Amino acid sequence: MTAPKHFRDRVEIASVRAETESLDNGAAAAAKRRVAGRVLGRRDMGKLVFLDLVDRSGRIQLLCHTAKTGEVDVHLGDIVGAAGSPSKSKRGEPSVDVDAIEILARIRTPLPDTFHGVTDTEARYRRRYLDLLMNEESRRDAILRARMVTAIRGYLDAEGFIEVETPILQPRYGGGFAEPFVTRSNLLDQDLYLRIADELYLKRLIVGGLEKVYELSKDFRNESYSYKHSPEFTQVEWYEAYADYTDTMARCETLVDQVARATIGGTRTTFRGHELDLAKPWARVKFVDALEEHGVWSRDEEELRAKLAGAGVDISKDRTWGQLVDHAYAHFVEPGLIQPTIVYDWPIELSPFARTTDYDASVVERFEAVVAGMEFANAFSELNDSEEQEQRFAAQADEREAGDAEAEPGDPDYVEAMAYGMAPNSGIGIGIDRLAMVLLGRDAIRDVILFPLLREKG
RNA sequence: GGGCCGGUAGCUCAGUCGGUAGAGCAGGGGACUUUUAAUCCCAAGGUCGCAGGUUCGAUCCCUGCCCGGCCCA
């Protein structure tokens, strides 16, 4: 006998469960319902067999009287379909009083311990399917992440943004400070890079007149894992013509506020031991003021070096003023920003794509959004003057020369595009994985990535 | 990259002052008409991460390596 190829007209278990609510203990409704899912519990009384059936929506008990159903040849982990009436057991457990049950897919490898599930971290990452099928919390997280992404799309679509797709394989990489993955095209006989950001292509679309664009993208950075870093991660980036970074601040707050409500029903969450409230508006602090507060701000490289060394920071690997100030920010400021905070107006050295402020040519209109000491968004008033962009790339080349391997490599083709005229615009990148971590209260980025990259098991 | 912790049955874990290992659940066989981590009986299940070393003897002690976690850089 071959296994069935379909089981039609099924309803979700949660809806059948709801139907049982008004029933008395031991009673069954007249209605007939079809449910399907995986058997994760079996209590065999001989002529009466209790099964626990689980689908994406929930769990319900199946009452199988063998007089009606025949022998219940069902093992833990089998995928079955059952037809019967919503009912309550004598003890009041929501159930389906089964008329007929059929095996839709047989389990061949025994299920893990149905009480403890799979708890070994490595096993959960390597065999996520087991984690998902055993652990309701893992299923919930996967579903909520999807709901979060849907809410992000919904917001941007409703605001008139166009979702676009730009290259993952790029002849040049750029738009962030990171080491790329390098690959090779046989056709072109040249090296290609997996994108580290979408920025430069999306802004070409601003030149092209698409005005408001966004992309939900997998980006790749050839670096090690941490609780907030994954070599393969997801961002949403958007760019909006005729807007500056203050407009983008407001959008970022609004989007996160709305997305949180759509995903977890509110703006409060617990993440890494912190009680957080993502409701807008968020705190704002100027980059320079924040560093000054900790006594680690100076425009002079040697003075800054001395201040950091005096504060006990290991600055032996910092070759440039830019690296020093970045280190100072990461060490003294970022970890202390717990509630959502917008850190704005950054040094020009750290921001080759942002326009300068009106009050200081060495400071640019850039902000990062931080929560629980973790950056989750980065935005600018985008530089739209091709000649200035060329100079910024040159300055980055100097940084690179001075020993900063992650400095922007430059992109003449992008400069050429900008020379055709780019509307003033502002853009942002928001870390989807990090936002998911915060909303779901998961402490590690690997807990919100279904199949995190791991070393091959030896 | 550094420090600490871990890897024993399919899963969750125990254990061996160094003498070739146990439990619960799952899987196999059987009993049971209201259970819900059901219960009861029977049988079975292992390269103790890998490789060396010490030893009469190593899963246990030592060294190296592999894989993972946490913290730090």
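Naming: A, B, ... by sequence-line order, numbering from 1 per chain. Values in this document were obtained by computation on a predicted structure and should not be read as measured data.
Across B:U12, B:C67, B:U34, the shortest atom-to-atom separation from the side chain of A:H65 is found for B:U34. In this structure, the nucleotide among B:A38, B:C32, B:C67 sitting nearest to the side chain of A:M45 is B:A38. You'll find that the side chain of A:H331 is closest to B:A73, out of B:G68, B:U36, B:A73. Comparing atom distances between the A:K47 side chain and each of B:U33, B:A26, B:A73 picks out B:U33 as nearest. Here the nucleotide nearest the side chain of A:Q61, chosen from B:U34, B:U36, B:C13, is B:U36.
Between the NZ atom of A:K228 and the C1' atom of B:C71 there is a distance of 14 Å, given to the nearest Å. In this structure, CG of A:N222 is placed 16 Å from C1' of B:G1, rounded to the nearest angstrom. The nearest whole Å value for the distance from the CG atom in A:D52 to the P atom in B:C25 is 16 Å. Spacing between atom CZ of A:R126 and atom C1' of B:C11 amounts to 17 Å, rounded to whole angstrom units. In this entry the distance linking CZ of A:R43 with P of B:A38 reads 5 Å, nearest Å. Separating the CZ atom of A:F115 from the C1' atom of B:A38 is a distance of 13 Å, rounded to the nearest angstrom. Counting to the nearest Å, the C1' atom of B:G10 and the CG atom of A:D131 are 16 Å from each other. The CG atom of A:L40 sits 17 Å away from the P atom of B:C25 (whole-angstrom rounding).
Both the sub-6.0 Å distance and the 45° axial angle are satisfied by A:R272 relative to the ring of A:Y227.
Where A:S224 and A:G92 each meet RNA chain B at their nearest nucleotide, the meeting point lying more 5' is that of A:G92. Toward the 5' end of RNA chain B, the nearer of the two residues A:T121 and A:L76, judged by each one's closest nucleotide, is A:L76.
Here A:D120 lies in heavy-atom contact (under 4.0 Å) with sugar-phosphate atoms only. Among the protein residues, A:G26 comes within range of no part of the nucleic acid, since none of its heavy atoms lies under 4.0 Å from any strand. Within 4.0 Å (heavy atoms only), A:S89 reaches at least one base atom of the nucleic acid. Nucleic acid contact for A:Y125: sugar-phosphate only, since backbone atoms but no base atoms lie under 4.0 Å from a heavy atom of the residue. If you check every strand for non-hydrogen atoms under 4.0 Å, A:L63 touches nothing. A:R106 comes within 4.0 angstrom of no nucleic acid atom, judged by non-hydrogen atoms across all strands. No engagement by A:R108 is indicated, since no non-hydrogen atom pair under 4.0 Å with the nucleic acid exists. Residue A:H75 is in sugar-phosphate contact alone, with no base atom involved, counting any heavy-atom pair closer than 4.0 Å across all strands shown.
Remark: B:C60 base-pairs with no nucleotide; criterion is Watson-Crick or G-U wobble with both hydrogen-bond distances under 3.5 Å. Remark: B:U39 base-pairs with B:A31; criterion is Watson-Crick or G-U wobble with both hydrogen-bond distances under 3.5 Å. Judged by Watson-Crick or G-U wobble contacts below 3.5 Å, the nucleotide B:G6 has B:C67 as its partner.
Separating the C1' atom of B:A58 from that of B:C62 is a span of 11 Å, rounded to the nearest Å. B:C13 sits 33 Å from B:C56 when the C1' atoms are compared, rounded to a whole Å. Comparing the P positions of B:A23 and B:A43 gives an interatomic distance of 12 Å, to the nearest angstrom. Here, B:C17 and B:C25 have their P atoms 28 Å apart, quoted to the whole Å. The same atom, C1', is picked in B:U12 and in B:G18; the two are 27 Å apart, to the nearest Å. Nucleotides B:A9 and B:C48, compared at atom P, are 10 Å apart to the nearest Å. Taking atom C1' on both nucleotides, B:U54 is separated from B:C72 by 35 Å, rounded to a whole Å. Taking atom C1' in both B:A31 and B:U8, one finds a spacing of 34 Å when rounded to whole Å.
Checking the phosphate oxygens (OP1, OP2) of B:G10, no side-chain nitrogen or oxygen of A:T109 falls inside 4.0 Å. Note on A:R127: a side-chain N or O is less than 4.0 Å away from OP1 or OP2 of B:C11.
Taking 3.5 Å as the limit, the base of B:G10 and the side chain of A:D113 contain no donor-acceptor pair of atoms between them.
With a 6.0 Å radius and a threshold of 12 heavy atoms from other residues, nucleotides or ligands, A:E401 has its CD atom at or below the threshold.
Formation of a donor-acceptor pair under 3.5 Å by the A:R59 side chain with backbone atoms of A:A14 is not found in this model. In terms of modelled atom types and a separation under 3.5 Å, the side chain of A:D55 and the main chain of A:G58 share a donor-acceptor contact.
Contact between A:E365 and A:D345 at its shortest, heavy atoms only, is CA-OD1, 4.2 Å.
Glycosidic conformation at B:U33 (O4'-C1'-N9-C4 for purines, O4'-C1'-N1-C2 for pyrimidines): anti, more than 90° from 0.
Ring-plane geometry between A:F376 and A:W282 is classed as perpendicular, the angle between the planes exceeding 60 degrees on a 0 to 90 degree scale with a lower cut at 30.
Checked against a 6.0 Å centroid threshold, the rings of A:F353 and A:F393 count as neighbours.
Between A:E136 and A:R140, no side-chain nitrogen of the basic residue sits less than 4.0 Å from a carboxylate oxygen of the acidic one, so the salt-bridge criterion is not met.
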